[in-house]
Each structure stands twice: as structure tokens, then as C-alpha cells.
Amino acid sequence: VASHEEIVEAVTAAVEDVEHDVSAVGELTFHLHPDQLLDVLRVCRDDEVVAAELLTDVSGVHWPAGDEVIQRQPSTTGWPDRVVSREEGVIDVLYVLRSLSGGHRFRLAVRVPDDDARVPSSTGVYPHAATFHEREVYDMFGVTFEGHPDMTRILMPDDWVGHPHRKDYPLGGVDIPYKNDKTIPPPHERDLREVAQ
Amino acid sequence: VSLQEPTDFVVDDTWDGDFFVDGADWESLPDAIDEDTMTINMGPQHPSTHGVLRLVLDLEDEEVLRVRPVIGYLHTGIEKNAEFRTWVQGTTFFTRMDYLAPLHNELAYCLGVERLLGVEAPERAQAVRLILTEFNRIASHLVWLATGGMELGAVSMMIYGFREREHILDLFESQSGLRMNHAYIRPGGLAHDVTHDFVERCEALLDYLPTRMREYEQLLFKNPIWNSRLRGIGIIDADTCLEYGVTGPVLRAAGVAHDLRRVEPYCNVEQYEFDVPTHTEADSWARFEVRLEEMRQSMRIIRQVLDDFPGGPVMVEDKRIAWPSQQSLGPDGIGNDPAYIQHIMGESMEALINHFKLVTQGFTVPAGHVYSAVESPRGELGYAITSNGTNRPYRVHVREPSFVNLQASDYMSVGATVSDVIVVVASLDPVMGGVDR
């Protein structure tokens, strides 16, 4: 098993200006600029220490502009103090890589603005491992993976408008007629008594 | 609320025409690409495509040139829904994803939440989790054997597989109150303790299953049709498995002894002896043998856990996390424990306040990312959980093994015949509830 230090050393030696951190739960994450992604993926695949044979997972997390984050968590009340953090919305694309021979795994995080979300596709380095996952992130977040052979929707209908996992996309409230010409309003507008009837 | 317009995307030149998922588009499907090749549609209602999987096949006579899986028919937005509910309620959603491995889904999610919380479930809860997930693996492989057998014409196997699985579901029902979709494993432990006859029930099941498994072997191992349909079909070697991200029995059948119970042990599984079965042939037959052996190894693990079954609580001590509603199993199913109701309603105001706050608001989870993975019957089941420090998950992404493994159906089918596509899909064992989520 390669330790975190060995992985960091191998990656930072090959690609310049790569930031990393180890979270409170002990997971190693590299924070990358989209331009660095393919170089780092290549190192992860080819380096003998990192030896990540498997691109396990690609997922997205949307942090919209003006979102509140916790500044302080006082132990006395248990209720957090919050501040508005971002002027521009961002999407984090998270890659989980796993080494079968080494038995370790770590994460790559690429941050892109949500109004122009473009990330190079990993299909050039790991040819087929993430074709579905990248289509899913495109479908759900609107991140375009440049160089992907088939950048189309995968879970939602092909003619769907919008990207459902973005935080400004409501749960419910999409204009779809159900039986009796009813539509389901978003949760904060829902009158439960009415729904029950 | 403004919905995002779809951004520009790269159009694949080789992708001819749109394949809408609203159905009724048969006429728009080209029935001939050129003189010799033909595109035909299989599913989503085809009985051999495991639910609602749709495959668009390019054929030259009977030979498959390309398989395009079209998925999404069972998409229910579980990940999005979970963002609007508390952490404990998440279990109820995720158990409904891969409906043949509900306990693995609950376990992977709860392990991730526990890691963010910095707590660990008590020993007894871990033992019960391990026993139930291993039984779940057997039940899932039984359904695979049953449906796979049915798809290949071994219809009696279908009846036997579902019959034995029902005994395992009876065990789940006796403990959680539900055959499937249990929501029994919760962040911090279990919903409630197992019944007093839990160990006897498990042991009775362990005595019963091996004799039945010998019957399946007698039925199938020398069956000429079963042999000729499986052997040499859907070959995918280890390197190609990794290229496509394929894990689980398919990877092990290609000779790689990769098992997350070894790599990232959970629920104290490292304390018990078990083998990781592998095979060298990498075809559908190899997957059949690997899965049969995995069922035996699961029973081996369960026996060892039962031999030294720990006592004690099944939920963490921390009253800020532990679900307050103590429940008990009565003759009419699971309900409130009368002693607990007496306690919060008659004796302790503080207990009532705590109960009320935890049930309505839930607990907060420290901000951060976590990736928690377990070995589900189909491979690596990973939960990428993001918390922003509130009482609800900020984002939960599920790395579903069925979803990833389905990518390889194209590679595995090319050059084979249409009837072999069914064998390939059956040997991958995708569960559409997990693929589409």
C-alpha cells in the first residue's frame, strides 16, 4: 500500500502546481485546474507507485453562487453560524481512482464555473471506464466533457431541458402533467392537505 | 427559478439519429444502415433484459457489431430526493436503489455517514450488518441464478432460485419487518435489536441452503444446454475489465482476486476467514462458478460470525445521533415499544424533547467529502457523500456497479450472436433499479 506521502510525491513531481489535502476522515484529495487533469490522470495510470488501474467514479457537486456555508459551529447552541461564500457558482467534478495492486484510493477534484463548465474527458486516458459516468455528470450538472465520444444525456430523456442535480433546479415543480392534469409543485409550495385529496 | 438551457456538446459522428427514451419511436429507428447491417431494438420490455434495459443492436446477419445500452427508464431521482430529507431518512431512499441488494446500499451509505460523524457502530450491530449483507449476497446471487437460468431456458432453475431466496427474505422480514427495502441499517447502528431467535434462524438457514445448492450443481453442471450457452461466451479479460471499470464477480472470473472485503474491510470482516474465488476462463461459465463459490464463502463468513455472536447495544451511545424511537417487534409487526412510550410520555420531559428534536430535525453531520465502498453482489458499490454541515446531505452520488458494468456489454457482445447478447447481459447481472437510480 502506497502511503499518502508517496502518492503526493509522485504526482507533484510529475505535474507542477498541484494542490492537495487530507480530509478529517483521512481521504487524500488533489485539487486540480481543468488543464492539469489529463496530465495527472496519466501519471496516476502510469506511475509505478500510484498505479491506479481503475478510474472508479466520477461525480459532480454544485455550489451555486451566494450559497451559505458554515463559518463556525458553536458547541453551546449546536446551531451553526453561516456566511455567504461565493460570488460565482462552481461545480466540483470529483474523480475516485483506485489501485488494485496497491490497495489504495484517492480523489481528484476539478473545480469549474457553473455557467461555463468544461472539463477534458478522461476517455483519452482511461478509455472506457467513465464514459457512462461522464455522461451522467453532463446530464445532471451540464458539465461538458471535451473529447468524450458521445456526450449525450443518459438518465434523463434526450429532449429534457435543464440539469436536475444543480442546486437551482427544484425538486418537483417541473411542468409535467400527471393524471387529472395535475402538476407536482416544489416542496416549499406544496400543501400536503391538497396533495392528500 | 430558471432552468439551465442545455450547453453545447460534442456530437458523435458515428451516432446516427436520436434514441429518445419516451418510446413509440420505432418508425424513426433506421432498420438498415447499409445493405448488410441492420439496427434492431431489444427492450425495454423484453423479458430477458432484466427489467427495463433497452439495447440497440447493430447486426450483420446474426452477428452483433455493436450494442448500445439505453438506460434511464427507471430513473427516480433518488439522489436528488435525498438532498431534501434528513440523514436518517436517506437510508429509506438508498435501500430502494439496487432492490436485490438493499442492505448493501444501506450499509455503504451508513458507513460513509458514520465516518463523517466520527462514530463507529457497536460490535453487535457490525456483526448483524455483516450477517445480513452476506445473506443478501446469497439472495442476490440466487435471483441471478434464477433469472439467468430462465433466460437461457432452464426454467426450473427459476423456480428453485426464487424458492430458496424466499427463505432468506423471511429472515430479513423477521428482523426488519420487510422482505425488501428494509431501512434497517441506520447511521450509528441498527434500527432495533435482532430478535431473540435470530441466531437459530440463521443457523437453520445455513443448514438448509447447502443441500439445495448441491441440487443446483447436479441440475446445471453437466447440463449440455447450460454448458454450451455459457462456455466461451462473453469473454472479457482482466485488463479489459479494468479498462471498462468492471468490478465484482466479472473481474474475479477474469482471475483478479479483488474484493473490497479484503482491500477495505468493513464490519470487522477481516477477523473472519474466507476465500476470494477466482477463475481463469473469464467467460460466462466462469462467472457462474465464481458466483456459486461466493455463496459458499458468504455462508462460511456467517457461520464464523454466529459462532462468536457479540452482545451489547446495537446503536451508538451518543443520544444526539442514536434514533430515539425504541421499537419492538410485536405479533402485528414492528411498532413502538410500550416501555419507551411510557418513559418519554410519563417520566422524562428531556427525553421527549430529545426525541422530538431528533425525529423532526435530525442531527447535523460535519462538512466534508467521504467515499465509502462495500463489495455488493455486483461489485464495488460506492457512496460519494458530501456534507455541508447541515442536517441534510448536500449531495450523495452512488457509484453503482450495475451502471458501470453495463458499459462492457458492448465489448462482450461484439462478434457474438443475438442469443449470446442475452447471456452477456445475464452474466453481468445488472439491476436496473441500481443502474437508473
Side-chain angles (χ1 to χ4, degrees), chain A residues 23-25 27 29 53-57 59-62 67 69-70 73 78 80 94 96 98 100 103 105 107 109 117 126-133 136 138 142 144 146-166 168-171 173-174 186-187, chain B residues 1-12 14-15 18-22 71-72 75 77 79-81 83-84 115-116 118 240 242-245 247 256 258 262-264 320 364 366-371 373 380 382 384 386 388-390 394-395 397 399 403-404 406-408 411 436-437:
Chain A
S23 70
V25 295
E27 292 187 350
T29 306
E53 299 94 347
L54 205 56
L55 174 56
T56 305
D57 185 27
S59 63
V61 183
H62 184 211
D67 188 46
V69 291
I70 291 171
Q73 176 105 39
L94 305 174
V96 177
R98 183 185 286 285
L100 269 60
R105 65 170 159 79
R107 184 187 289 118
Y126 290 88
H128 305 287
T131 48
F132 273 22
H133 271 136
E136 189 192 334
Y138 165 71
T144 306
E146 289 170 328
H148 190 288
D150 177 26
M151 194 82 273
T152 52
R153 288 188 181 271
I154 186 163
L155 293 177
M156 303 302 287
D158 289 357
D159 54 353
W160 195 261
V161 177
H163 299 288
H165 261 294
R166 290 195 172 207
D168 50 7
Y169 193 98
L171 178 73
V174 180
Chain B
V1 174
S2 66
L3 302 185
Q4 297 279 338
E5 290 294 323
T7 44
D8 293 336
F9 51 80
V10 185
V11 179
D12 174 20
T14 58
W15 182 273
D18 293 324
F19 294 93
F20 287 102
V21 288
D22 53 0
I71 61 175
H75 179 59
E79 292 173 7
K80 180 86 176 175
N81 270 294
E83 293 170 10
F84 292 79
R115 213 177 292 162
L116 279 173
T240 319
L242 297 176
E243 196 177 296
Y244 281 90
T247 50
V256 182
H258 174 68
R262 280 278 159 75
V263 181
E264 290 180 34
R320 290 170 298 179
T364 58
H369 297 291
V370 72
Y371 180 80
E380 174 172 349
T386 305
N388 65 341
T390 62
Y394 188 76
R395 164 92 173 116
H397 169 78
R399 191 264 185 210
F403 178 78
V404 180
L406 206 54
Q407 295 180 127
Y411 175 86
D436 294 341
R437 288 160 284 151

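Here is the naming used below: chain letters follow the sequence lines, and residue numbers restart at 1 for every chain. Keep in mind the model is a prediction, meaning the values are calculated, not measured.
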Rounded distance [0.5 Å steps], OG1 in Thr131(A) versus OH in Tyr244(B):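 Those atoms lie 8.0 Å apart.
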Under 4.5 Å from any heavy atom of chain B - which part of Glu27(A):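 For Glu27(A), the side chain is the part near chain B, not the backbone.
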Chain B contact via Ala130(A) - side chain, backbone, both or neither, heavy atoms under 4.5 Å: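 Backbone only.
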Less than 4.5 Å apart, any side-chain heavy atom of [X] and any of [Y]?
{"X": "Arg98(A)", "Y": "His258(B)", "result": "yes"}
{"X": "Glu380(B)", "Y": "Thr56(A)", "result": "yes"}
{"X": "Lys80(B)", "Y": "Tyr169(A)", "result": "yes"}

Residues Arg399(B) and Glu136(A) bridged, charged N to O under 4.0 Å: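 No.
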Heavy-atom closest pair, residues Asp57(A) and His397(B):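 In terms of heavy atoms, the two residues are closest at OD1-NE2, 2.8 Å.
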Whether the side chain of [X] engages the backbone of [Y] through a donor-acceptor N/O pair (distance < 3.5 Å, no angle test) should be reported.
{"X": "Arg437(B)", "Y": "Leu155(A)", "value": "no"}
{"X": "Arg395(B)", "Y": "His62(A)", "value": "no"}
{"X": "Gln407(B)", "Y": "Ala129(A)", "value": "yes"}
{"X": "Glu243(B)", "Y": "Tyr126(A)", "value": "no"}

Side chain, backbone, both or neither: which part of [X] has a non-hydrogen atom closer than 4.5 Å to chain A?
{"X": "Val404(B)", "result": "side chain"}
{"X": "Ala408(B)", "result": "neither"}
{"X": "Glu79(B)", "result": "both"}

Among Ser23(A), Gly60(A), Ala24(A), residue most engaged with chain B (heavy-atom pairs, under 4.5 Å):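 Sorted descending by pairs with chain B, the first entry is Gly60(A).
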Winner by heavy-atom pair count (cut-off under 4.5 Å) against chain B, out of Thr29(A), Leu100(A), Val96(A):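 Option with the top pair count is Leu100(A).
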Candidate pair Phe403(B) and Ile154(A), rule side-chain contact (heavy atoms from CB on, under 4.5 Å), full reasoning: CA-CA 11 Å; Phe403(B) 178 78; Ile154(A) 186 163; 4.0 Å; yes
Leading residue by heavy atom contact count with chain A [cutoff under 4.5 Å; candidates Asn81(B), Asp436(B), Leu116(B), Val370(B)]: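 Maximum pair count with chain A is reached by Val370(B).
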Contact winner vs chain A - Thr240(B), Leu406(B), Thr247(B), Leu242(B), heavy-atom pairs under 4.5 Å: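 Highest number of heavy-atom pairs under 4.5 Å: Leu242(B).
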More than 12 heavy atoms of other groups within 6.0 Å of Arg262(B) CZ: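 Atom CZ in Arg262(B) is packed in, count exceeds 12.
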